[in-house]
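Just so we're on the same page: letters track the sequence lines, and every chain starts at 1.
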Amino acid sequence: MLIIVAEKASVARAIKEIIEKRGVKAVVLGLRGHVLDSDLEEKFRDWWKVDPAKILELREFKTVIRDSKMYRELVRYFSNNYVEELVIATDNDPEGELIGWEVYTIFRRYNGFARITRMRFNAITQEDIWKAWQEREEGLNMNWVWKSAFRRDFDLATGAAFTRLLTLSTRKRGYRGLISWGSCQIPTLNYIVEREEEIMNFKPKPYWIISVKLETPFGEVFEARSEKIMDYGKAREIFEEVKNVKEAYVVDYRETVEVVRRPKPLRTDELLRDLNKILGISTSKILRIAEELYSRGYISYPRTDTNQWSTSFNFHETALIALNGLKLSLKISIDRPKPLNGSKNDGAHPPIYPTKPYIKDDSVEWSVWEYVARRFLANVYGNDAEIIKQRALIRIGRLDLKTSGSIFKKTGFFEIFPYFKPELKSIPILSSKQVLRVLDVRLLEEKTKPPDRLTESELLKLMERDHIGTDATRADYPDIIVERGYAKRVKKKVKPTKLGMFLIKCLREVSPRLVSPETRRMVEEYMEKISAGSLSYEKALDTCLQIYHKLYSELASRIDVVADSLIKSIEEGGD
DNA sequence: GCAAGGTC
């Protein structure tokens, strides 16, 4: 008997079909992600009975069963005496390697001798899967296993220790909620708090602009403006000088063509960001809908960080599916795919594309499917758009005025993917030295404005930039910080609560690295070293936990002041 | 009652 284990049911099905077609008989099992996990020992169970600092002194963690139903199923198969070989076919990434190791260790308890091999495929295609089957490797890449285990255990130890310290200190003062700290949730909150502080500290500055209404010899009317003038006296002086001038002339007029590239193949992050902008619903909800569409067969796997197509991708078939669901016909031939590829490849999943036509209805599901289908067509069959940018420099008296406009030269892919099609406004076509009639001169007072609060879309972009979370987890964090009472959603934007603001403030005073992306950066740096084989899991964990043990001690030494301040912010916020 | 990472 031969057993193949994949990370999820859909991959298990694909493997079974592909190898059976070529005469290989095997039991193919699909997991649901991790089967095992790390946890703290029993004696840490009661939060009040053990100093959280002790968690940061641990160097070993207990292995617990995470998915007991799956665990039992694995045991049932592995106990069979006739298993000759176990094939690990989890995703070809470090987290997949760790999931594979979980299966490996379970298997070895029941079968000490059978061969254990690893299939590595980077796409769920006939070629890749069959090649991975024929060229399966002996055993696992242990550097990848330890790399992921380090991340898991570091996050557990630091998260548990800091969360317990903060929670217990506020519980002593009557708070009943949870004050959590985590390497991803806190930096996410920090972006929101930093923005709020920027808004609060913003001092609007007045400035003045001279606005002139002009007319060309052909009777076209448009407006041109001076630069910002920060001093009122000076603005007034210039205004007096030009307010009665009747003619202006064009110093320079030029047109340039700007190319707007068609969209790249769809990754999770862009799906979430774009649909948050388009539909205004939360990123976690969008991911849930995408997951639902995937499990019902309408779209491919929705958690991917790949934006390039494999050479064997069937564009023709996918195009028919997209066109069918959208009830569209393309003018150009779908036999000539010309996708614009990006540079990202997670080594485990293709970009997101439609796999079955969705019958249009009023649901959000349709809106998500429609976006995926249009994005595919725009990427593979769309043309880059071209915009003519117009820029003019005009002089009235001694004052320079500027104006600009734009107009589509080619609308290109926006025809099929209209979501972010810009509203363009053109100005008349001018020529140098042309004389213009002045219709009106005005002195306008305006004020500099503070930045807006962040949308979830902008928040995800910052997280991606700083490597906070992964494609599969980033959407969770806005929900987590709202659930903890650190932030609220107000008019499609995220606003920190008083508690959120004070928590960041207190942590930042201990050390900026407790709130910045620095924790994540450090974890990645050490993960890379483990992955390269230049550092052991033990050494990496020891070094990093020592650093966070020091930071913990500093926070613990002033926890009474911190807790008082947090309690006060909770009462003041009334949230 | 902890984290973040998988998946459903």
Side-chain angles (χ1 to χ4, degrees), chain A residues 5-12 29-41 44-48 50 52 54-56 58 61 64 66-67 69-70 90-103 144-145 147-171 175-188 268 284 287-296 301-305 346 348-349 463 467-477 479-481 483-485 519-520 523-524 527 544-545 548 552:
Chain A
V5 182
E7 193 160 316
K8 47 191 157 272
S10 60
V11 176
L29 303 174
L31 305 174
R32 294 173 294 203
H34 286 283
V35 185
L36 306 177
D37 198 5
S38 271
D39 203 355
L40 304 178
E41 297 281 355
F44 286 91
R45 216 180 138 109
D46 187 335
W47 291 26
W48 298 94
V50 46
K54 292 270 177 275
I55 299 171
L56 294 165
L58 293 173
F61 299 89
V64 293
R66 191 56 189 286
D67 185 340
K69 207 172 154 208
M70 193 55 67
T90 46
D91 291 353
N92 189 20
D93 53 34
E95 210 66 40
E97 209 73 6
L98 179 57
I99 294 172
W101 177 243
E102 294 162 14
V103 176
W144 268 16
V145 171
K147 172 187 194 171
S148 299
F150 162 75
R151 193 266 321 139
R152 178 192 63 190
D153 297 338
F154 174 85
D155 282 336
L156 169 64
T158 52
F162 281 97
T163 300
R164 288 181 180 200
L165 175 63
L166 291 163
T167 301
L168 294 179
S169 71
T170 47
R171 291 253 171 118
Y175 185 56
R176 293 166 70 175
L178 190 69
I179 314 256
S180 57
W181 183 94
S183 62
C184 290
Q185 53 176 263
I186 291 297
T188 304
T268 308
S284 62
L287 189 53
R288 271 203 301 278
I289 292 165
E291 172 71 35
E292 172 75 14
L293 286 170
Y294 157 70
S295 65
R296 288 161 55 200
Y301 189 64
R303 288 182 282 262
T304 170
D305 202 21
D346 65 15
H349 309 286
M463 295 169 74
H467 305 191
I468 307 293
T470 70
D471 54 322
T473 63
R474 273 191 274 272
D476 295 337
Y477 293 104
D479 272 8
I480 287 174
I481 60 181
E483 186 201 304
R484 297 285 194 267
T519 304
R520 220 59 224 162
V523 168
E524 271 182 25
M527 281 170 79
C544 293
L545 289 184
Y548 280 75
Y552 176 97

Comparing nearest nucleotides in DNA chain B, the 5'-proximal residue of the pair A:F44, A:S10 is A:F44
Atom-pair distance (CZ on A:R171; P on B:dC2), nearest Å: 9 Å
For A:S295, answer base if it contacts any base atom (sugar-phosphate contacts may also be present), sugar-phosphate if it contacts only those atoms, and nothing otherwise; contact means non-hydrogen atoms under 4.0 Å. nothing
CD (A:E102) and CG (A:D67) are apart, to the nearest 0.5 Å, by 10.0 Å
Restricting to non-hydrogen atoms, name the atom on A:D155 and the atom on A:S183 that form the minimum distance, rounded to 0.1 Å. OD1-OG, 2.9 Å
Any donor-acceptor pair under 3.5 Å linking the side-chain atoms of A:T268 with those of A:R303? no
Side-chain heavy atoms of A:W144 within contact of A:L98, under 4.5 Å: no
Candidate nucleotides B:dC2, B:dG5, B:dC8, ranked by approach to the side chain of A:H34 - the nearest: B:dG5
Indicate, with a heavy-atom threshold strictly under 4.0 Å, whether A:F61 touches base, sugar-phosphate, or nothing. nothing
Under 4.0 Å between any heavy atoms, over every strand shown, what does A:W47 touch: base, sugar-phosphate, or nothing? Just pick one. base
To the nearest angstrom, the CE-C1' distance between A:M70 and B:dG6 comes to 12 Å
Please report, rounded to the nearest Å, how far the C1' atom of B:dG6 is from the CG atom of A:D155. 13 Å
At under 4.0 Å between heavy atoms, what does A:Y294 touch on the DNA or RNA strands: base, sugar-phosphate, or nothing? sugar-phosphate
Looking at every strand, decide which applies to A:D39 at a 4.0 Å heavy-atom threshold: base, sugar-phosphate, or nothing. base
Check against salt bridge (Lys or Arg N to Asp or Glu O under 4.0 Å), A:E292 and A:R288: CA-CA 6 Å; A:E292 172 75 14; A:R288 271 203 301 278; over 6 Å; no
Atom pair distance, as rounded to whole Å: CD in A:E524 and C1' in B:dG5: 14 Å
Using whole Å, what does the distance between atom P of nucleotide B:dG5 and atom CZ of A:R151 come to? 6 Å
Checking contacts here: which listed nucleotide (B:dA3, B:dT7, B:dC8) is nearest the side-chain heavy atoms of A:A9? B:dC8
Have a look at A:E291 and say if it touches a base, only the backbone sugar-phosphate, or nothing, with a 4.0 Å heavy-atom cut-off. base
Report yes if at least one side-chain N or O of A:R303 is closer than 4.0 Å to OP1 or OP2 of B:dT7; otherwise report no. yes
Proximal nucleotide (of B:dT7, B:dC2, B:dG6) relative to the A:R164 side chain: B:dC2
Answer with base, sugar-phosphate or nothing: what part of the nucleic acid does A:E7 contact at a heavy-atom distance below 4.0 Å? sugar-phosphate
Does the side chain of A:S180 reach to within under 4.5 Å of the side chain of A:Q185, using non-hydrogen atoms? yes
Looking for any heavy atom pair under 4.0 Å, which part of the strands does A:L156 touch: base, sugar-phosphate only, or nothing? base
Indicate, with a heavy-atom threshold strictly under 4.0 Å, whether A:R45 touches base, sugar-phosphate, or nothing. base
Rounded off to whole Å, could you give me the CD-to-P distance for the A:E41 and B:dC2 pair? 19 Å
DNA chain B nearest-nucleotide lookup for A:V35 and A:T163: closer to the 5′ end is A:T163
Base, sugar-phosphate, or nothing: which does A:G469 touch, judged by heavy atoms less than 4.0 Å apart? sugar-phosphate
How close or far is atom P of B:dG6 from atom CG of A:D93, stated in whole angstroms? 7 Å
Any base atoms under 4.0 Å from A:S180, or only sugar-phosphate, or nothing? Heavy atoms, all strands. sugar-phosphate
Name the orientation class of the two ring planes belonging to A:F162 and A:W181 (parallel below 30°, tilted from 30 to 60°, perpendicular beyond 60°). tilted
Report which part of the nucleic acid A:D91 touches: base, sugar-phosphate, or nothing (heavy-atom distance under 4.0 Å, all strands). sugar-phosphate
Compare side-chain N and O positions of A:T90 against OP1 and OP2 of B:dG6 and report whether any pair is under 4.0 Å apart. no
Would you mind telling me which of B:dA4, B:dC2, B:dG6 lies closest to the side-chain atoms of A:T470? B:dG6
A:R32 has an atom CZ; how far is it from atom C1' of B:dG5, in whole Å? 17 Å
Name the nucleic acid region contacted by A:F150, choosing base, sugar-phosphate or nothing; use a 4.0 angstrom heavy-atom cut-off, strictly under. nothing
Can you see if the side chain of A:R66 gets near the phosphate of B:dA4 - specifically, an N or O under 4.0 Å from OP1 or OP2? no
Counting only side-chain heavy atoms from C-beta out, which of B:dT7, B:dA4, B:dG5 sits nearest to A:T473? B:dG5
Nucleotide nearest A:A160 when distance is taken to its side chain, options B:dA4, B:dG5, B:dC2: B:dC2
Short side-chain N/O contact to B:dG6 OP1/OP2 from A:Y301, under 4.0 Å: no
